[in-house]
Amino acid sequence: IGQRNTPENGKLIEQRIFNELTRGNFINSRHLSVKVFPISESGVGVIIAVNPPDTVGQVTLTYSYDYRDNKIVPRNS
């Protein structure tokens, strides 16, 4: 909370999300993609994509996160 929106912090968020979703093989790391990018001075966008095996589809979830109030908001993808 209250941290600056830097590329380093974006990478830390990306790694944390990836690690949490792949913990205990909840999602296989080969099927997961996480991208974090700045959207404002205090906010980032997060795109989580899962490509399940043996399917033709992809599940994509999009969120925004603001450091000032520590809130995650789902967005349309």
Side-chain angles (χ1 to χ4, degrees):
I1 298 175
Q3 296 192 17
R4 298 189 65 199
N5 191 1
T6 65
E8 294 80 15
N9 281 337
K11 194 64 167 167
L12 289 173
I13 294 170
E14 196 171 282
Q15 290 171 346
R16 179 72 184 264
I17 293 169
F18 188 90
N19 290 341
E20 290 299 319
L21 291 174
T22 57
R23 180 186 306 216
N25 209 29
F26 178 69
I27 297 175
N28 188 304
S29 62
R30 293 181 308 215
H31 306 133
L32 178 65
S33 171
V34 178
K35 302 291 180 202
V36 174
F37 51 93
I39 57 174
S40 69
E41 283 186 23
S42 61
V44 293
V46 179
I47 299 174
I48 300 170
V50 181
N51 291 299
D54 303 322
T55 65
V56 294
Q58 171 177 292
V59 177
T60 303
L61 304 169
T62 306
Y63 300 92
S64 63
Y65 172 74
D66 193 301
Y67 296 104
R68 294 174 297 181
D69 56 12
N70 197 31
K71 289 191 179 180
I72 298 171
V73 178
R75 302 292 180 186
N76 294 331
S77 52

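The figures that follow rest on heavy atoms only: side chains count, while hydrogens, waters and symmetry mates do not.
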Undergrad: Please list all pairs meeting salt bridge (Lys or Arg N to Asp or Glu O under 4.0 Å) that have one or both residues in residues 20-32, counting only residues at least two apart or in different chains.
TA: R16-E20, E20-R23

Undergrad: Please report the shortest heavy-atom distance between G57 and P52, naming the atom on each side.
TA: O-CD, 3.8 Å

Undergrad: Would Y63 and F26 show up in the same hydrophobic cluster when neighbours are defined by side-chain heavy atoms closer than 4.5 Å?
TA: yes

Undergrad: List the atom of I39, the atom of S64, and the distance in Å for their closest heavy-atom pair.
TA: CD1-CB, 3.8 Å

Undergrad: Can you find a heavy atom in the side chain of Y65 that is under 4.5 Å from one in the side chain of N70?
TA: yes

Undergrad: Examine L12 and V46 and state if one hydrophobic cluster contains both, with Ile, Leu, Val, Met, Phe, Trp and Tyr joined whenever side-chain heavy atoms are less than 4.5 Å apart.
TA: no

Undergrad: Nearest 0.5 Å, what's the CG-CG distance between N28 and L21?
TA: 12.5 Å

Undergrad: Would you say the side-chain atoms of N5 pair up with the backbone N or O of S40, donor to acceptor, closer than 3.5 Å?
TA: yes

Undergrad: Are I17 and I72 connected in the hydrophobic side-chain network, where two residues link if heavy atoms are under 4.5 Å apart?
TA: yes

Undergrad: I48 and I13: same hydrophobic cluster, using ILVMFWY side-chain contacts below 4.5 Å?
TA: yes

Undergrad: What are the two closest heavy atoms between S29 and T22, and how far apart are they?
TA: CA-CG2, 3.7 Å

Undergrad: With side-chain contact (heavy atoms from CB on, under 4.5 Å) as the test, would you mind laying out the steps for F18 and V36 before giving the verdict?
TA: CA-CA 11 Å; F18 188 90; V36 174; over 6 Å; no

Undergrad: Run E14 and V34 through side-chain contact (heavy atoms from CB on, under 4.5 Å) and show every step you take.
TA: CA-CA 6 Å; E14 196 171 282; V34 178; 3.8 Å; yes

Undergrad: Rounded to the nearest 0.5 Å, how far does CD1 of I47 lie from OG of S33?
TA: 8.5 Å

